[in-house]
Protein chains: 2
Amino acid sequence: MSAPPLSRKAQIDRTATALFRARGFAATSMRELATALGIEAGSLYSHIKSKEEILHRVCFALAEEFFVDFTRATADATLPVAQRLRAAVEAHVRVLTRDAAASAVFLHEWRHLSEPARTEFLALRDKYEAGFRHLVEQGVAQHELRTPDPAFAALTLLASLNWLPSWYRPGGKLGPNEIAHRLAEQLLYGLEVRS
Amino acid sequence: MSAPPLSRKAQIDRTATALFRARGFAATSMRELATALGIEAGSLYSHIKSKEEILHRVCFALAEEFFVDFTRATADATLPVAQRLRAAVEAHVRVLTRDAAASAVFLHEWRHLSEPARTEFLALRDKYEAGFRHLVEQGVAQHELRTPDPAFAALTLLASLNWLPSWYRPGGKLGPNEIAHRLAEQLLYGLEVRS
DNA sequence: CCTACCGATCGGTAGG
DNA sequence: CCTACCGATCGGTAGG
């Protein structure tokens, strides 16, 4: 159950992520980060190249996690679409709760990426949202879901989930699985056709 | 239909709000703001006292708008609770769409307020959220709504609405009223008891 | 990983 | 509303 010790670089990423979440990327100084790690500001640069490099790594690593877990959750195309959408929602919530600080940075600080990273990031996000949109569209086509506007519904669904990192703390009264289930229930029951 | 001309101070607030939304409060410099207004940085200070004063005014003015519109929308206690909640949702959406830039700042930049303003702001936000929570609780008590956790449901509901300013642009294919109606329909139909 | 430092930029002010 | 400027702080580097 014990994790391997973190490399210095990984420690920097983790501590920076927590600071970026709490104060925002622009308002976090490299001196604050260094102090939090117990070293001097200049020393950071033997492990990283720049402040933005940290943000880049955090944002793109989490994008990767979202894709991997979405793909695994929805892989079985023989299941009803509504069930696959439910699995995608629960997978999304589990990624969000697995590292809430990194998730918050992913959701809110990406705009401080400079070009071309910012455009690449937005393309990834669009592609991920398209995965949800396609599920909703298929669900509507097969009369498992109903909504006047699948794209609108998919965005609303994701937005409803993405507020979680600003709220979730590990060890709270609700565990990740229970949160995932409740959110899926509250958000999808209104979409699913009742028999 | 034409609005009265803006005072210089109001122009500063408006332009700053747009910049705060696009770049974030911390990453927006007073020199950028001055340039956007066609004046020099030092000149800003004959109209305002500080950068944070602008943020303070924007955040608290919008909080006031949310309270006023919520109160008006839910004033008639003789209506069914589900109907009052629906009116509150639509009122919330209309405030969000009335000034999407100010709404985005209200939602995401308040953490750059220094104390005691930050604590005051969070207290107002909690009070506003409590208004929604109480409606959900009443709805459950009167068997008009169903959810295992009214507080959780109320927060999810608001979060689902609050993603709108990052997405909404005036003059799009959906008007404010249609957006408000669709969101209420998608989010509440899953909560309301079907007869 | 530290010391010592760089040029740039920050929010804000004085005086007109 | 501008000019000229302030002390502080920023991200980052050189050399050890």
Side-chain angles (χ1 to χ4, degrees), chain A residues 5-60 101 105 108-118 121, chain B residues 5-60 101 105 108-118 121:
Chain A
L6 292 176
S7 70
R8 202 45 153 163
K9 192 172 179 177
Q11 283 179 47
I12 291 173
D13 284 356
R14 260 196 106 67
T15 306
T17 299
L19 288 171
F20 291 169
R21 177 200 203 180
R23 305 196 210 295
F25 175 79
T28 301
S29 75
M30 297 305 272
R31 280 155 181 84
E32 281 182 282
L33 173 56
T35 300
L37 288 159
I39 62 178
E40 295 300 316
S43 306
L44 290 168
Y45 292 89
S46 35
H47 301 98
I48 61 163
K49 279 184 304 199
S50 70
K51 185 185 181 185
E52 186 178 332
E53 190 206 65
I54 305 173
L55 179 64
H56 187 284
R57 203 158 38 237
V58 172
C59 287
F60 283 82
V105 171
H108 298 120
E109 304 301 327
W110 57 265
R111 61 179 167 169
H112 294 107
L113 292 168
S114 56
E115 297 297 349
R118 186 185 149 117
F121 178 86
Chain B
L6 293 175
S7 70
R8 202 45 154 163
K9 190 172 179 178
Q11 284 180 46
I12 292 172
D13 284 356
R14 260 195 106 69
T15 306
T17 298
L19 289 171
F20 291 169
R21 176 200 202 180
R23 307 196 209 295
F25 176 79
T28 301
S29 76
M30 297 305 272
R31 281 155 180 86
E32 280 182 282
L33 174 56
T35 299
L37 288 158
I39 61 178
E40 295 300 318
S43 307
L44 290 167
Y45 292 88
S46 34
H47 302 99
I48 61 163
K49 278 183 305 199
S50 68
K51 185 185 180 186
E52 186 176 333
E53 190 206 65
I54 305 174
L55 179 64
H56 187 284
R57 202 160 37 240
V58 173
C59 287
F60 283 81
V105 171
H108 298 120
E109 305 301 327
W110 56 266
R111 61 180 166 168
H112 294 107
L113 292 169
S114 56
E115 298 295 351
R118 186 184 148 118
F121 178 86

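Naming: A, B, ... by sequence-line order, numbering from 1 per chain. Since the structure is predicted, the reported quantities are computational estimates derived from the model, not experimental observations.
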Counting only side-chain heavy atoms from C-beta out, which of D:dC2, C:dG11, D:dG12 sits nearest to A:Ser50? D:dG12

Taking CE from B:Met30 and C1' from C:dT9, how many angstroms apart are they, rounded to a whole number? 14 Å

Any B:Arg31 side-chain nitrogen or oxygen under 4.0 Å from OP1 or OP2 of C:dG12: no

Rounded to the Å, how far apart are B:Arg23 CZ and C:dC10 P? 11 Å

Do the side chains of B:Met30 and B:Ile48 get nearer than 4.5 Å, heavy atoms only? yes

Hey, is CZ on A:Arg14 packed in by over 12 heavy atoms from elsewhere, all under 6.0 Å? no

Starting at CZ of A:Phe25 and ending at P of D:dC10, how long is that distance when rounded to a whole Å? 13 Å

Does A:Arg111 offer a backbone N or O that forms a donor-acceptor pair with the side chain of A:Arg118 under 3.5 Å? yes

Atom-to-atom span, NZ of B:Lys9 to C1' of D:dC1 - whole angstrom: 17 Å

Taken to the nearest whole Å, CG/A:Leu44 to C1'/D:dG12 is 10 Å

Report yes if the side chains of A:Arg23 and A:Glu32 come closer than 4.5 Å at any heavy-atom pair, otherwise no. yes

Should B:Tyr45 be listed as having a side-chain N or O under 4.0 Å from OP1 or OP2 of C:dT13? no

Integer-rounded Å distance: D:dG11 P and A:Leu19 CG: 12 Å

Residue B:Arg8, side-chain heavy atoms: nucleotide from D:dC1, D:dC10, C:dG11 that is nearest: D:dC1

C:dC1, D:dC1, D:dG11: which one has an atom nearest the side-chain heavy atoms of A:His47? C:dC1

Hey, does A:Lys51 have a side-chain heavy atom less than 4.5 Å from the side chain of A:Leu44? no

Find the distance A:Ile48:CD1 to D:dG12:C1' and express it as a whole number of Å. 10 Å

When you measure from the side-chain N and O atoms of B:Ser46 to the phosphate of D:dC1, is any distance below 4.0 Å, counting only OP1 and OP2? no

Nearest-angstrom distance from the residue atom CD1 of A:Ile12 to P of C:dC1: 8 Å

Assert: residue with more 5' nearest nucleotide on DNA chain D, out of B:Gly42 and A:Thr28, is B:Gly42

Counting side-chain heavy atoms from CB outward, which of C:dC10, C:dC2, D:dC2 is closest to B:Ser29? C:dC10

Sort out the partner of D:dT9 for me: Watson-Crick or G-U wobble, both distances under 3.5 Å, none otherwise. C:dA8

Using both distances under 3.5 Å as the test, list the Watson-Crick or G-U wobble partner of D:dG15, or none. C:dC2

